[in-house]
**Q** 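Mind having a look at this structure? Questions to follow.
Computed from a predicted model, the values in this text were never measured in an experiment.
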Amino acid sequence: MLYQQIARNKHKTVVVMTVFVVILTLVGAGFGYLFSNSPWSGIIIALVASLLYLFLVMRNPENMVMSLNHAQEIHEQDNPQLWHIVQDMAMVGQVPMPRVFIINDPSPNAFATGRDPDHSAVAVTQGLLDMMNREELEGVLGHEISHIRNYDIRLSTIAVVLVGVISFLSGVASRVIWFGSGDRDDDRDSNAIEMIFKVVAIVFVLFLGPLSATLAQMALSRNREYLADASSVELTRNPHGLISALQKIESSQPMKQADRSSSGLYIENPFRHRGGSLFDTHPPTADRIARLEKM
């Protein structure tokens with residue numbers, strides 16, 4: 001079952017990229033129409049820019065994501081306990097030792113990122129180190145190593161990159177709409193068809209693109225959390241450590257420095273939106289704990 005899930009995640013990567021290319025195409029068409037009355041020019045700009053950005057970032061996604069989240073890399077002598085726990089979990093999970101980072105934030109949290117198990121990294125907040133005992137740290141880091149082993153990191157990294165691209169294009173287009181539309185004096189009569197096209201373009205650029213990106217990232221991250229929780233128990237042989245850690249994280253304050261486009265990577269939502277929503281990037285903590293208690 002575990003290896004079937006790994007294979008599915010690899011196939012999902014292709015699906016996610018295809019979906020995001022479609023979204024980027026629509027956003028680019030809207031941008032092109034609003035900026036130069038040429039949807040095709042906008043599509044070309046959007047696709048070329050996003051593919052180039054994706055190529056550059058995927059060469060070393062760990063550095064990009066860690067930089068966005070203000071994480072600092074450490075080595076064994078900097079924090080021997082953390083280093084050895086990560087090392088132990090990696091050995092049990094049969095993956096290469098990932099790079100280790102610490103985020104200077106008092107809220108407990110952690111995430112894993114990278115291109116594949118050979119190019120991966122884990123990050124924990126200072127709050128996690130301060131609040132968790134060894135058993136709880138093992139549960140959390142077993143969860144993150146499981147994301148690496150299950151190839152979730154590749155899927156999540158692609159989502160983070162493309163959400164960032166779509167947000168950037170939408171931001172640029174919004175400036176064109178609000179600050180550039182007033183300068184478009186030409187000989188065309190303003191007719192109903194033109195107004196309809198303009199409204200559709202605005203909807204795609206300002207609303208549909210970012211909304212679709214958010215929904216895609218949510219769909220990718222929610223289901224993978226259950227698998228990583230179960231895989232953590234497989235590595236540690238102890239569900240109680242992760243249960244206790246999730247309870248502490250759930251009752252803590254939000255993070256101060258987390259990057260919003262990376263929120264789906266964390267073991268728990270760093271912004272602590274409570275109450276549940278279709279747009280949540282994480283399953284309800286109570287449901288995760290209930291499943292763990294049955295193991």
**Q** side-chain contact (heavy atoms from CB on, under 4.5 Å) for I23 and L208? Distances and angles first, verdict last.
**A** CA-CA 8 Å; I23 296 171; L208 184 60; over 6 Å; no

**Q** If you look only at pairs with a residue in residues 83-97, which of them pass as a salt bridge (Lys or Arg N to Asp or Glu O under 4.0 Å), with sequence neighbours excluded?
**A**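 Passing the test, one end in residues 83-97: D88-R134.
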
**Q** Which other residues end up in the same hydrophobic cluster as V48, if Ile, Leu, Val, Met, Phe, Trp and Tyr are linked when side-chain heavy atoms come under 4.5 Å apart?
**A**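 I44, which link up through side-chain heavy atoms under 4.5 Å apart, make up the rest of the cluster.
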
**Q** When rounded to the nearest 0.5 angstrom, what distance separates CD in E144 from OG in S231?
**A**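 These two atoms lie 12.0 Å from each other.
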
**Q** With sequence neighbours left out, what residues match Q72 under side-chain contact (heavy atoms from CB on, under 4.5 Å)?
**A**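 None.
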
**Q** When rounded to the nearest 0.5 angstrom, what is the spacing between OH in Y151 and OG in S120?
**A**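 Atom-to-atom, Y151:OH and S120:OG are 10.5 Å apart.
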
**Q** Apart from V203 itself, which Ile, Leu, Val, Met, Phe, Trp or Tyr residues share its cluster (side-chain heavy atoms under 4.5 Å, direct or through members)?
**A**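 ILVMFWY cluster around V203 also holds V199.
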
**Q** Is a donor on one side and an acceptor on the other found under 3.5 Å between the side chain of S41 and the backbone of S38?
**A**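 Between the backbone of S38 and the side chain of S41 there is a qualifying donor-acceptor contact (under 3.5 Å).
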
**Q** So which atom in S170 and which in L206 form the shortest heavy-atom distance, rounded to 0.1 Å?
**A**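 Nearest heavy atoms, S170 then L206: O-CD2, 4.0 Å.
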
**Q** For the pair N69 and S262, evaluate side-chain hydrogen bond (donor to acceptor under 3.5 Å, both in side chains) and give the outcome as yes or no after the intermediate values.
**A** CA-CA 8 Å; N69 289 274; S262 306; 3.2 Å; yes

**Q** Please name all residues satisfying side chain to side chain donor-acceptor pair (under 3.5 Å) with D78, sequence neighbours left out, ordered by chain then number.
**A**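 Not a single residue meets the side chain to side chain donor-acceptor pair (under 3.5 Å) criterion with D78.
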
**Q** Looking at every non-hydrogen atom in both residues, tell me the closest pair between P61 and R115 and how far apart they are.
**A**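 Looking at all heavy atoms of both residues, the closest pair is CG-N, 3.7 Å.
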
**Q** In Å, rounded to the nearest 0.5 Å, how long is the span from NE2 of H119 to CD1 of I148?
**A**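 Here the interatomic distance stands at 12.5 Å.
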
**Q** Y226: what forms a side-chain contact (heavy atoms from CB on, under 4.5 Å) with it, not counting sequence neighbours?
**A**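 Residues passing side-chain contact (heavy atoms from CB on, under 4.5 Å) with Y226: P283, P284, D287, R288, R291.
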
**Q** Search all heavy atoms of A245 against all heavy atoms of V140 and return the closest pair with its distance.
**A**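 Heavy atoms of A245 and V140 come nearest at CB-CG2, 3.5 Å.
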
**Q** Sub-3.5 Å donor-acceptor pair from the side chain of S244 to the main-chain atoms of G241, do we have one?
**A**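 Answer holds: no.
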
**Q** Assess the residue pair H282 and R224 against the criterion (side-chain contact (heavy atoms from CB on, under 4.5 Å)); give the C-alpha distance rounded to whole Å, side-chain angles, the decisive distance to 0.1 Å, and a yes or no.
**A** CA-CA 9 Å; H282 293 72; R224 74 189 181 90; 5.6 Å; no

**Q** In chain order, what residues pass the side-chain contact (heavy atoms from CB on, under 4.5 Å) check against A29, with sequence neighbours excluded?
**A**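 For A29 the side-chain contact (heavy atoms from CB on, under 4.5 Å) partners, ignoring immediate neighbours, are P39, I43.
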
**Q** Hey, are the side chains of L242 and L292 touching, using non-hydrogen atoms and a 4.5 Å cut-off?
**A**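 Sidechains of L292 and L242: in contact.
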
**Q** Enumerate donor-acceptor pairs with a distance under 3.5 Å from any side-chain N or O in residues 97-111 to protein atoms, sequence neighbours excluded.
**A**
{"unit_1": "R99", "atom_1": "NE", "unit_2": "E73", "atom_2": "OE2", "d": "3.2"}
{"unit_1": "R99", "atom_1": "NH1", "unit_2": "N63", "atom_2": "OD1", "d": "3.1"}
{"unit_1": "R99", "atom_1": "NH2", "unit_2": "N63", "atom_2": "OD1", "d": "3.0"}
{"unit_1": "R99", "atom_1": "NH2", "unit_2": "E73", "atom_2": "OE1", "d": "3.0"}
{"unit_1": "D105", "atom_1": "OD1", "unit_2": "S107", "atom_2": "N", "d": "3.0"}
{"unit_1": "D105", "atom_1": "OD2", "unit_2": "K256", "atom_2": "N", "d": "2.7"}
{"unit_1": "D105", "atom_1": "OD2", "unit_2": "Q257", "atom_2": "N", "d": "3.2"}
{"unit_1": "S107", "atom_1": "OG", "unit_2": "Q253", "atom_2": "O", "d": "2.6"}
{"unit_1": "S107", "atom_1": "OG", "unit_2": "R272", "atom_2": "NH2", "d": "3.0"}
{"unit_1": "N109", "atom_1": "OD1", "unit_2": "I267", "atom_2": "N", "d": "3.4"}
{"unit_1": "N109", "atom_1": "OD1", "unit_2": "E268", "atom_2": "N", "d": "3.4"}
{"unit_1": "N109", "atom_1": "ND2", "unit_2": "E268", "atom_2": "O", "d": "3.0"}

**Q** For T113, give me all partners under side chain to side chain donor-acceptor pair (under 3.5 Å), at least two apart in sequence or on another chain.
**A**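 Once residues adjacent in sequence are excluded, the partners of T113 under the side chain to side chain donor-acceptor pair (under 3.5 Å) criterion are T157.
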
**Q** Look up atom CG in N238 and atom CD1 in I243, then write down how far apart they are to the nearest 0.5 Å.
**A**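 The distance works out to 8.5 Å.
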
**Q** Just do the side-chain hydrogen bond (donor to acceptor under 3.5 Å, both in side chains) check on T236 and E138 with the steps written out, would you?
**A** CA-CA 7 Å; T236 63; E138 288 177 349; over 6 Å; no

**Q** Taking all atoms of both residues into account, what is the closest heavy-atom pair of G264 and E225, and its distance?
**A**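 Shortest heavy-atom contact: O-OE2, 4.2 Å.
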
**Q** Using side-chain heavy atoms (C-beta onward) and a distance below 4.5 Å, is D116 in contact with I153?
**A**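 The answer is no; the side chains never approach within 4.5 Å.
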
**Q** Taking all atoms of both residues into account, what is the closest heavy-atom pair of A90 and P96, and its distance?
**A**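 Scanning both residues, the minimum pair turns out to be CB-O, 4.1 Å.
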
**Q** Would you list the pairs meeting ring-ring contact (aromatic ring centres under 6.0 Å, His included) in which at least one residue belongs to residues 62-91, sequence neighbours left out?
**A**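 Of all non-adjacent pairs touching residues 62-91, none passes ring-ring contact (aromatic ring centres under 6.0 Å, His included).
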
**Q** Please round to the nearest 0.5 Å and tell me the distance separating atom NE2 of H143 and atom CG of L227.
**A**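 Interatomic distance, H143 NE2 to L227 CG, rounded to 0.5 Å: 9.5 Å.
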
**Q** Hey, are the side chains of I145 and V92 touching, using non-hydrogen atoms and a 4.5 Å cut-off?
**A**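 Result no, sub-4.5 Å side-chain heavy-atom pair not found.
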
**Q** Which is it for M132 and I249 under the side-chain contact (heavy atoms from CB on, under 4.5 Å) test, yes or no, and what are the steps along the way?
**A** CA-CA 10 Å; M132 305 292 166; I249 295 172; 3.8 Å; yes

**Q** Just by modelled atom types, is the A290 backbone N or O under 3.5 Å from a matching donor or acceptor in the E293 side chain?
**A**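 Looks like no, no N/O pair under 3.5 Å.
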
**Q** Any salt bridge linking R149 with E234? Criterion: basic side-chain nitrogen under 4.0 Å from a carboxylate oxygen.
**A**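 Counted as a salt bridge, because a side-chain N and a carboxylate O are separated by less than 4.0 Å.
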
**Q** Using links of under 4.5 Å between side-chain heavy atoms of ILVMFWY residues, direct or through other members, which residues join M91 in one cluster?
**A**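 M91 clusters with nothing; isolated.
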
**Q** State, to 0.1 Å, how close M89 and L235 come at their nearest heavy-atom pair, and which atoms those are.
**A**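 Looks like O-CD1, 4.3 Å.
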
**Q** Output all residues satisfying side-chain contact (heavy atoms from CB on, under 4.5 Å) with I45, sequence neighbours left out; order by chain, then residue number.
**A**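 Listed in chain order: nothing, the list is empty.
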
**Q** Is a donor on one side and an acceptor on the other found under 3.5 Å between the side chain of N269 and the backbone of F271?
**A**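 Yes.
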
**Q** Drop me the distance from M131's CE to S251's OG, to the nearest 0.5 angstrom.
**A**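 Taking CE in M131 and OG in S251, the distance rounds to 6.0 Å.
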
